[in-house]
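Values in this document were obtained by computation on a predicted structure and should not be read as measured data. For ligands, and for the atoms within them, numbers begin at 1 and follow the listed sequence.
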Amino acid sequence: MSVVVYAPASIGNVSVGFDVLGAAVSPIDGTLLGDRVLAEQGSQPFSLSCVGAFVDKLPKQAEENIVYRCWQVFARELDKKGAALKPVALTLEKNMPIGSGLGSSACSIVAALDALNRFHDQPLDETELLALMGEMEAEISGSLHYDNVAPCYLGGLQFMVEELGIISQSVPCFDNWYWVMAYPGIKVPTAEARAILPSQYRRQDVIAHGRYLGGFIHACHSGQPELAAKMIKDVVAEPYRERLLPCFAKARQYALEAGALASGISGSGPTMFTVCDDLEVAKRIARWLQDHYVQNEEGFVHVCRLDGQGSRVTGSEL
Ligand SMILES: Nc1ncnc2c1ncn2[C@@H]1O[C@H](COP(=O)(O)OP(=O)(O)O)[C@@H](O)[C@H]1O
Ligand SMILES: N[C@@H](CCOP(=O)(O)O)C(=O)O
């Protein structure tokens, strides 16, 4: 039996919830903005091949690919349970640019671990698998944050509660929102974008952060889209990261003047996201961003919706 799992792009933080809020997105035109992993019967304990548009950006040594580490930790967990590990051949289709703020490493991690689990008839439950995904993300970025892996795996808008044995819970969002994702084509490594953040914050920032995040979650649960959009503000990371993103301030200004509800940095950047409740406005902003925010031929802009499904099986071959 072989299985292919697709894992979608995600917006870490969604501006207002540094490390604790994330959203999975998929383009409305059906483009696969995410990685896929094929797991099939192998002739040795483990092998990994890589294909896809961004295969050249991956580490050259297979052992340095996070997918290899995923197999190692998956094997460790099966060993703890006394479950048998099957010889497996994995193929990673790397469609996501690395260091983009679109949760590229999360896409590979989630697709690999979900595919491995399905290939072995699901010996790990959802929480066990998500904990492993977080462990892998922490290895790459230097600290544990679930805001990419949780939405990528579970879909939708996810809030990290990390209590009572629960890692993440879903937050209702607004079905009519479009999320315009603009990747300029340059790289901002997550670990570096984390290293420039302050280790302590002023009381007024802590209060503002609490008000925005609490207000956003409240507005989502009480069905107030206008209030929710007003609360999408970042006092934790954006003031420090903005300088890593050429043209971000100008692009945000344009988007707001053109009728967007909110804009912010996706994850640690350089991708920016823009929320609109009108498709024509979203498409107009997307065109402008393509002309003014994208810096080279590797960049792209997609009009997306929240991806309610998260990772999923797309078939048995790539
Ligand atoms: N399959 C993979 N996908 C993405 N990055 C990987 C993978 N395997 C190893 N890496 C390494 O992990 C790091 C990911 O960088 P990061 O800035 O966290 O990317 P992103 O924010 O896009 O997830 C890079 O150093 C990259 O070489
Ligand atoms: N909460 C993290 C999210 C990083 O997302 P990525 O897509 O840039 O990996 C952070 O802001 O550091």
Side-chain angles (χ1 to χ4, degrees), residues 5 7-25 33-37 48-72 90-113 115 133-134 136-152 158-160 162 168 181 183-198 209 213 234-242 244-245 264-273 298:
V5 171
S10 54
I11 306 172
N13 308 326
V14 197
S15 284
V16 64
F18 184 76
D19 277 0
V20 297
L21 189 68
V25 288
L33 187 62
D35 291 347
R36 293 198 300 171
V37 168
L48 173 63
S49 325
C50 298
V51 297
F54 289 92
V55 68
D56 293 344
K57 311 282 179 189
L58 286 167
K60 297 292 168 255
Q61 299 296 323
E63 295 73 23
E64 287 171 28
N65 195 311
I66 194 66
V67 170
Y68 174 68
R69 283 290 297 138
C70 287
W71 173 74
Q72 285 186 317
L90 294 185
T91 305
L92 166 65
E93 185 184 77
K94 189 70 206 167
N95 302 317
M96 296 296 287
I98 295 172
S100 55
L102 288 161
S104 170
S105 45
C107 287
S108 288
I109 291 166
V110 170
L113 282 169
M133 291 166 179
M136 293 297 88
E137 185 77 309
E139 268 190 24
I140 278 199
S141 70
S143 66
L144 179 59
H145 58 95
Y146 289 100
D147 55 326
N148 288 120
V149 289
C152 181
Q158 293 285 329
F159 182 70
M160 308 315 126
E162 295 180 63
S168 177
M181 306 301 298
Y183 165 58
I186 59 169
K187 186 174 172 179
V188 173
T190 307
E192 286 174 30
R194 295 179 78 80
I196 62 166
L197 300 181
H209 177 62
L213 182 55
D234 180 2
V235 294
V236 175
E238 194 178 291
Y240 310 95
R241 288 176 169 173
E242 195 174 342
L244 304 176
L245 280 63
I265 301 175
S266 178
S268 62
T271 294
M272 70 176 284
F273 74 90
E298 282 190 3

At less than 4.0 angstrom from any non-hydrogen atom of [X], what atoms of ligand 1 do you find?
X    : value
S100 : 22 (O)
P189 : 17 (O)
L58  : 1 (N), 2 (C), 3 (N), 7 (C)
I140 : 10 (N), 12 (O), 13 (C), 14 (C), 18 (O)

Would you indicate which of [options] comes nearest to [atom] when only heavy atoms are counted?
atom                    : options            : result
atom 1 (N) of ligand 1  : N65, L48, V37, V55 : N65
atom 9 (C) of ligand 1  : K187, Q61, E64     : E64
atom 23 (O) of ligand 1 : S108, A111, S105   : S105
atom 24 (C) of ligand 1 : N148, I98, V67     : I98

Purely on distance, is any nitrogen or oxygen of G99 under 3.5 Å from one on ligand 1?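 Yes - when backbone and side-chain N and O of G99 are compared with those of ligand 1, one distance drops under 3.5 Å.
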
Excluding sequence neighbours, so at least two apart, what forms side-chain hydrogen bond (donor to acceptor under 3.5 Å, both in side chains) with S15?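 Per chain and number, S15 pairs via side-chain hydrogen bond (donor to acceptor under 3.5 Å, both in side chains) with no residue.
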
Would you please name every residue forming a side chain to side chain contact (heavy atoms under 4.5 Å, CB included) with P239, sequence neighbours left out?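 P239: no side chain to side chain contact (heavy atoms under 4.5 Å, CB included) contacts found.
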
Please enumerate all residues that pass side chain to side chain contact (heavy atoms under 4.5 Å, CB included) together with A237, with sequence neighbours excluded.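 A237: side chain to side chain contact (heavy atoms under 4.5 Å, CB included) contacts with F18, L197, D234, R241.
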
Where is the tightest heavy-atom contact between D147 and M160, given as atom of each residue plus distance?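 In terms of heavy atoms, the two residues are closest at CA-CE, 3.8 Å.
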
For ligand 2, give me the residues whose heavy-atom distance to it is below 4.0 Å, by chain and number please.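 Under the 4.0 Å cut-off, ligand 2 touches N13, F18, D19, G101, L102, G103, H145, D147, N148, T190, R194, R241, G267, S268.
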
Strictly by modelled atom types, are R194 and S143 linked by a side-chain donor-acceptor pair under 3.5 Å?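 A pair is found: one side chain offers a donor N or O, the other an acceptor, under 3.5 Å apart.
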
State, yes or no, whether a side-chain contact exists between [X] and [Y] at a heavy-atom distance under 4.5 Å.
X    : Y    : result
M96  : L33  : yes
M136 : S105 : no
D35  : L92  : yes

Give the residue and atom name of whichever protein heavy atom lies nearest to atom 17 (O) of ligand 1, and the separation in Å to one decimal.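 Going atom by atom, the protein heavy atom closest to atom 17 (O) of ligand 1 ends up being T190 N, 2.8 Å.
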
Heavy atoms of the protein only: does one fall short of 4.0 Å from atom 27 (O) of ligand 1?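 Within 4.0 Å of atom 27 (O) of ligand 1, protein heavy atoms are found.
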
If you measure from each non-hydrogen atom of [X] to ligand 1, which part falls under 4.0 Å: side chain, backbone, both or neither?
X    : answer
S104 : both
L92  : side chain
D35  : neither

